[in-house]
Structure formats: C-alpha cells, structure tokens
Amino acid sequence: MAKRLWLMKSEPEAYSFDRLVKEGRTIWDGVRNYRARNNLQAMQVGDEAFFYHSVSDKEIVGIVRIVAAGLADPKDDTGTWAAVEIEPVRKLAHPVSLAAIKAEPSLAEVELLKLSRLSVAEIRPDEWKKICAMAGG
DNA sequence: GCCAACGTTGGC
DNA sequence: GCCAACGTTGGC
C-alpha cells in the first residue's frame, strides 16, 4: 500500500505542533465531520501529514507521522467516530502560510483551500512536494 | 425526502 | 466582529 499524505488542522490554542513535540505523540480524536472521518479511517501507519495551525497562524508548521491507525475515538460511545495516533516528524524550516498556498497556482486544488472547514484533508504527492519545497525542502 | 433555519468553523 | 461555507436538524 503506497503511503498517502494528509493535512490535519488544529487551532494552535487548542493543540499546537509544539505541544505535540513536547508530548511525543497524541491521539487525534474529536473529529465530528463525516468526510474528515473517512479520511481518518483511510490513514495507514507510516502515512505522513502536514500539521496546519488554523485561525491565528494560518500556516503549515510541521510534519507528523501516523503511528497507529483505525482507532475508535475514545471519547465516543457510539462507535461512529475514528481516531489515529500521531507523532511529530519535524518542524518546517519555513512555515508555509495559507496566503503562500493561495498564491501558488499549482496548489489551487488543495483540499485545504476548496473545503476550508475540513479538519482532515488529503494532499496529493505533487502538492506535498511543492509545499515541502516552499518550506525549504 | 425536501428545504429552511440554525449552529459552527474559519478566513478576512 | 463579520460573513461565507458547510453540516445538521426539524417541520412539513
């Protein structure tokens, strides 16, 4: 199974990338949107994701790796919602801002832009490479 | 099953 | 703080 690439959003005031680095790993739960849940359920161990700070920062700040997939949301009794466990891979040398993504024509189709309220989005490999290049490699 | 009203999220 | 976009709920 080829590795897939994702983007996970969080308000830095709620859960920041720095906090993830400090804690080492975390369960990513609390997603209450079906499309986002479908993305969560499609994740495999070893997949990587951008970590995006919404609202106050509006930039991709780091990369995380999926270390456990297909978990049930521990806060959900009904079995409806999913969760994964993630660990930090690295912080980006240069965060990639929402404005920079919008300004880049090859990134116009990124799910982040098209569905701004989706908390878990998929990133295509070419988009991933482009954003990595913008972050300084 | 449709659609209007409402709530939430997130960019500006 | 405002508003647009989207999802959900509830009346019919």
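Order of the sequence lines fixes the chain letters, A, B, ..., with proteins taken first and strands second; residue numbering starts at 1 for each chain.
Relative ring orientation between A:Trp128 and A:Phe50 is described as parallel, the plane-to-plane angle staying below 30° on a 0-90° scale split at 30° and 60°.
Nucleic acid contact class of A:Leu118 (heavy atoms, under 4.0 Å, all strands): none.
Side-chain contact check for A:Met8 versus A:Ser119: every heavy-atom pair is 4.5 Å or farther apart.
Regarding A:Glu59, its CD atom lies at a distance of 14 Å from the C1' atom of B:dG11, rounded to whole Å. When rounded to the nearest whole Å, the span between NZ of A:Lys102 and P of B:dG11 equals 8 Å. The CG atom of A:Leu113 sits 15 Å away from the C1' atom of B:dC12 (whole-angstrom rounding). Following rounding to the nearest Å, A:Arg35 (CZ) and B:dT9 (C1') show an atom-to-atom distance of 16 Å. The CG-C1' distance, from A:Leu112 to B:dG11, rounds to 11 Å in whole Å. Rounded to a whole Å, the CD atom of A:Glu111 is 16 Å from the C1' atom of B:dG10. In this entry the distance linking CG of A:Asn33 with C1' of C:dC6 reads 9 Å, nearest Å. If you measure from atom CH2 of A:Trp81 to atom C1' of C:dG7, you get 10 Å, rounded to the nearest angstrom.
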ask   = Taking it one step at a time, do A:Lys75 and A:Asp29 satisfy salt bridge (Lys or Arg N to Asp or Glu O under 4.0 Å)?
value = CA-CA 8 Å; A:Lys75 299 191 187 86; A:Asp29 60 13; 3.0 Å; yes
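Phosphate contact (OP1/OP2 of B:dG10, side-chain N/O of A:Lys58, threshold under 4.0 Å): absent. Within the 4.0 Å cut-off from OP1 or OP2 of B:dG11, not a single side-chain nitrogen or oxygen of A:Lys114 is found.
Nearest nucleotide to the A:Tyr34 side chain, out of B:dG11, C:dT8, C:dA5: C:dT8. The nucleotide whose nearest atom lies closest to any side-chain atom of A:Arg117 is, among B:dG10, C:dC6, B:dC12, C:dC6.
In summary, A:Arg35 and A:Glu111 engage in a salt bridge, as defined by a charged side-chain N under 4.0 Å from a carboxylate O.
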